[in-house]
Amino acid sequence: MQRVDPVSIATEVAAPAATSVAAPAAPAAIPPPFTLTSIFTEVQPVSWIIVGLAVAAGLYLYGVRRLRARGDRWPVTRTLLFLGPGLGGIAAVTLSGLAAYDTALLSVYLTQHLVLSMVAPIFLALGAPTTLALQALPPRPRERLRTLLQSRTARLCSHPLLAFAIFMATPFALYFTDLYRHTLEHAWAHELVHTYILLVGCVFFWPLLGLDPLPNRWPYPGRALLMLLFVPFYTVLGLTIMQSTTLFGGDWHSSLDLTWADPWEDQVIAGGILWGGGEFVSVTILAVLVVRWMRQAEREARRIDRELDRQEAEQRASSTVG
């Protein structure tokens, strides 16, 4: 009869368990090679994100319907911007096939970051949802919303300098710490960071480009100067990622053993996406602000000319009577 040693059995059972705990958590399923068609063929299942987007779209359309029911008009352009590149932009990077690769490819993750932090917030702001709510809400909720917009918390959160500092610090705090690796290992942290990035983008761009009545809105020269300081930000960030001698996320991407993607090459592509995409969007926003500034200056000049003409006419009339 063979003797069984309980100590050796316990050691043999504990060793694999310890190894499995120490091993990096990997995605449940490694996606197939990434192609442009993967954006459509690897569409993600319904999640809380689509519920949130549907609620936001429904509330916006309900507000537009209330205005039309009482005979008021709401610009169609604002509705299209809010629903299309605004909410649609969020859906495009979180519900399409891109989401199936955001833990496997850093380039996809940074594409999501770029859209959620810059593209979608800009078009959401141009949709003027706060203005729509102020016009569509009943009197009591409308007054509560106005009180909230003028509160100390709203003034602090919407201050351009504070929003600028948070926006600049966010990617460095995410990608140059262990937080990025944590978001790869935990789905809840992954989606929470996406939500946070979107909120930070909204807080930064809403006072700069938005049409809603917000506190601490700077005049156009100040907004243009702030955006001018922002232009080289994504260039520096993208070049830093491209020239990094370490892989972001530690050994996560290399441990996936993807035969169709090299983590080092993908990291260079990711940095290039931030560099090119961020600079293009930043320069475009700066140009829009400068154009708005010039148009405002022209309107102010015409207003001053009309006022001077009115004063001159009054002086002529008084001298004629005298």
Side-chain angles (χ1 to χ4, degrees), residues 16-45 47 49 90 92-119 169-198 200-201 233-279:
T19 303
S20 63
V21 172
I30 302 300
F34 178 77
T35 61
L36 290 179
T37 58
S38 301
I39 299 176
F40 307 98
T41 58
E42 300 295 324
V43 175
Q44 296 301 285
S47 67
I49 298 178
I90 299 173
V93 296
T94 58
L95 298 176
S96 70
L98 287 177
Y101 296 85
D102 58 3
T103 58
L105 297 174
L106 178 64
S107 57
V108 172
Y109 196 103
L110 292 188
T111 300
Q112 292 177 322
H113 186 131
L114 186 65
V115 173
L116 293 176
S117 65
M118 295 188 69
V119 179
T170 293
F172 288 98
L174 174 60
Y175 300 111
F176 294 88
T177 65
D178 293 334
L179 180 58
Y180 173 60
R181 174 62 179 262
H182 192 72
T183 64
L184 297 175
E185 295 176 346
H186 303 281
W188 65 267
H190 190 78
E191 295 183 352
L192 183 62
V193 167
H194 280 342
T195 304
Y196 173 78
I197 291 173
L198 177 64
V200 169
F233 168 66
Y234 271 110
T235 301
V236 174
L237 180 60
L239 287 175
T240 302
I241 294 176
M242 294 174 69
Q243 298 173 359
S244 176
T245 57
T246 58
L247 284 175
F248 287 82
D251 62 344
W252 172 270
H253 295 290
S254 58
S255 68
L256 299 179
D257 293 328
L258 299 178
T259 58
W260 46 269
D262 177 54
W264 291 102
E265 293 180 358
D266 182 65
Q267 186 162 296
V268 174
I269 295 174
I273 289 174
L274 275 189
W275 179 9
E279 187 168 314

Do [X] and [Y] come close enough that some side-chain heavy atom pair is under 4.5 Å?
X    : Y    : value
Y196 : T170 : yes
V43  : L95  : no
H253 : L184 : yes
V119 : V93  : no

Q. What residues, two or more places apart in sequence or in another chain, satisfy ring-ring contact (aromatic ring centres under 6.0 Å, His included) together with H194?
A. Y109, H190
Q: For F176, check ring-ring contact (aromatic ring centres under 6.0 Å, His included) against everything at least two apart and list the hits.
A: F172, F248
Considering residues at least two apart in sequence or located in another chain, which fulfil the side chain to side chain contact (heavy atoms under 4.5 Å, CB included) criterion with [X]?
X    : result
V268 : M242
A261 : L105, L258
L247 : S254, P263, W264, Q267
A189 : H182, T183, H186

Restricting to side-chain hydrogen bond (donor to acceptor under 3.5 Å, both in side chains), what partner residues turn up for [X], sequence neighbours left out?
X    : answer
T195 : none
T94  : none
S107 : D266
T245 : none

So, taking the atom named [atom1] in [X] and the one named [atom2] in [Y], what distance separates them when rounded to the nearest 0.5 Å?
X    : Y    : atom1 : atom2 : result
I269 : L274 : CD1   : CG    : 13.0 Å
L98  : F34  : CG    : CZ    : 5.5 Å
L36  : T41  : CG    : OG1   : 10.5 Å

If you look at every heavy atom in [X] and [Y], which pair is closest and at what distance?
X    : Y    : answer
A99  : Q112 : CA-NE2, 3.9 Å
Y101 : S38  : OH-OG, 3.4 Å
I197 : S117 : CG2-CB, 3.5 Å

Q.
Classify the ring geometry of Y175 against H113: parallel below 30°, tilted from 30° to 60°, perpendicular beyond 60°.
A.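 Because their plane-to-plane angle lies in the 30° to 60° range, the rings of Y175 and H113 count as tilted.
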Q: For W260, look at atom CH2 and say whether over 12 heavy atoms of other residues, nucleotides or ligands are found less than 6.0 Å away.
A: yes
Q: Give a yes or no on whether the backbone of I273 and the side-chain of Y234 come within a donor-acceptor separation of less than 3.5 Å.
A: no
